[in-house]
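Here the structure comes first, spelled out in structure tokens, and everything after it is commentary.
Owing to the predicted nature of the structure, the values given are computational and were not obtained by experimental measurement. Naming convention: chains lettered A, B, ... in sequence-line order (proteins, then strands); numbering from 1 in each chain.
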2 protein chains.
Amino acid sequence: MNGAQFHKVAKALADPRRFEIFETIAASDEMCCGSISDCFPVSQATVSHHLKELADAELIEARCEGQFKYFSVRREVLTAYVEELVQRINAKPRAGVKPRRGSKAGVRTTTHSRR
Amino acid sequence: MNGAQFHKVAKALADPRRFEIFETIAASDEMCCGSISDCFPVSQATVSHHLKELADAELIEARCEGQFKYFSVRREVLTAYVEELVQRINAKPRAGVKPRRGSKAGVRTTTHSRR
DNA sequence: CAAACAATTCTACAATCATCTAAATAAAGC
DNA sequence: GCTTTATTTAGATGATTGTAGAATTGTTTG
């Protein structure tokens, strides 16, 4: 999983409503936009927007069947995200870095400015 | 891990810069605010803000030593988050729900309004 | 074809948030 | 006590984003 996808997933999981939607799809086999929006006090347009974000992060995929679009969870993508997350953080630290014990570390009289 | 904490963690991990900061702390044993802000083109105040978010999510903790504050990763919290995430999503679905095959599912002539 | 239904796109708005500068708080050393 | 350094807080701003309503596209079925 590349860095861009990694951040898309993190972002997609960050909004409470969107995560609820994600959970709801996961609890069922597959669901269409309308039945999802029945579960929440938000408009169908909002649900559609969240579904797009989730699909963009590849956390869900869609199967078209006539006028319906059935969404389902891509569990392997969530698993890949989780594995990368744990690997990036829980990997053994190169211990003993603990800096700033006499290092002037640059003058920095004024604070930064770039964005 | 309760729901509020769960969402705080998800949110804390969602911002790219904040995640980089988190990764940087994880790569070292512990780091103080100043040496972290040396690694990124943002002001120390911004770093302090991100550290507060991470600490609020309990993803990091601080150890005070004189005028310095050393931050370190709470790996067990990240692990708890990951486990809950996987459990909430990857738990076996109660298969066969697939609704909307003739259900009128409420009239909903107008779209929703509550937030 | 026309009407009804499903989903998305467009546009707009309010809220959130990442970021900055400046000021305040706190500790160390002279 | 004063100065220097480390960090946090306060206030402001620009960007992002969650949301709704309207318009649009696409599909099914009288």
Side-chain angles (χ1 to χ4, degrees), chain A residues 7-8 10-22 30-38 40-57 60 62-71 99-115, chain B residues 7-8 10-22 30-38 40-57 60 62-71 99-115:
Chain A
H7 285 305
K8 276 187 189 174
K11 210 126 177 224
L13 297 174
D15 181 68
R17 180 85 67 205
R18 190 160 48 225
F19 185 78
E20 278 187 311
I21 291 172
F22 187 45
E30 37 178 33
M31 285 182 90
C32 59
C33 183
S35 47
I36 295 168
S37 77
D38 287 340
F40 302 101
V42 293
S43 74
Q44 199 159 352
T46 299
V47 171
S48 183
H49 163 72
H50 285 317
L51 290 174
K52 189 178 172 187
E53 296 279 311
L54 288 167
D56 204 48
I60 61 174
R63 177 179 67 85
C64 294
E65 184 177 318
Q67 55 189 337
F68 295 90
K69 232 170 156 179
Y70 287 101
F71 294 91
R100 273 301 169 82
R101 202 74 286 225
S103 70
K104 268 207 340 194
V107 182
R108 199 176 62 252
T109 38
T110 54
T111 42
H112 289 277
S113 51
R114 280 153 287 168
R115 194 192 255 251
Chain B
H7 285 306
K8 275 187 190 173
K11 210 130 178 221
L13 296 174
D15 181 68
R17 178 87 66 204
R18 190 159 48 225
F19 185 78
E20 278 187 311
I21 290 172
F22 187 45
E30 37 178 34
M31 284 181 92
C32 59
C33 182
S35 47
I36 295 168
S37 77
D38 287 341
F40 302 99
V42 293
S43 74
Q44 201 159 352
T46 300
V47 170
S48 182
H49 162 72
H50 286 316
L51 290 175
K52 188 179 172 186
E53 296 279 309
L54 289 167
D56 204 48
I60 61 174
R63 176 180 68 85
C64 295
E65 183 178 317
Q67 54 188 339
F68 295 91
K69 233 170 155 180
Y70 287 100
F71 293 92
R100 272 298 170 81
R101 204 74 285 224
S103 71
K104 266 208 340 195
V107 182
R108 198 177 65 252
T109 38
T110 53
T111 43
H112 289 278
S113 52
R114 281 154 286 165
R115 192 193 256 252

- May I ask you to verify if any side-chain N or O of B/Lys11 is less than 4.0 angstrom from the OP1 or OP2 atom of C/dT16? no
- Message: Can you list everything that forms a side-chain hydrogen bond (donor to acceptor under 3.5 Å, both in side chains) with A/Ser48? Sequence neighbours excluded, please.
- Response: none
- Worked check of side chain to side chain contact (heavy atoms under 4.5 Å, CB included) between B/Leu13 and A/Leu13: CA-CA 9 Å; B/Leu13 296 174; A/Leu13 297 174; over 6 Å; no
- Item | C/dC17 OP1/OP2 closer than 4.0 Å to side-chain N/O of B/His50 | no
- Item | Counterpart residues, side chain to side chain contact (heavy atoms under 4.5 Å, CB included), relative to A/Lys8 (two or more places apart) | A/Gln5, A/Asp56, A/Ala57
- Task: For C/dA27, take OP1 and OP2 only and decide whether either is under 4.0 Å from a side-chain N or O of B/Lys69.
- Result: no
- Message: C/dA18, OP1 or OP2 - any side-chain N/O from B/Arg18 closer than 4.0 Å?
- Response: yes
- Message: What does the B/S/- profile of nucleotides 23-30 of chain D look like, 5' to 3', with a 4.0 Å heavy-atom cutoff to protein?
- Response: ---BBS--
- Message: Taking side chain to side chain contact (heavy atoms under 4.5 Å, CB included) as the definition, give me every residue that meets it alongside B/Lys69, ordered by chain and number, with sequence neighbours left out.
- Response: B/Ala62, B/Cys64, B/Phe71
- Query: Of the nucleotides C/dC20, C/dT9, D/dT9, which has the atom closest to the B/Thr46 side chain?
  - Reply: C/dC20
- Task: Indicate whether OP1 or OP2 belonging to C/dA18 is found under 4.0 Å from a side-chain N or O atom of B/Arg17.
- Result: no
- Item | Candidate nucleotides D/dT19, C/dA18, C/dT8, ranked by approach to the side chain of A/Gln44 - the nearest | C/dT8
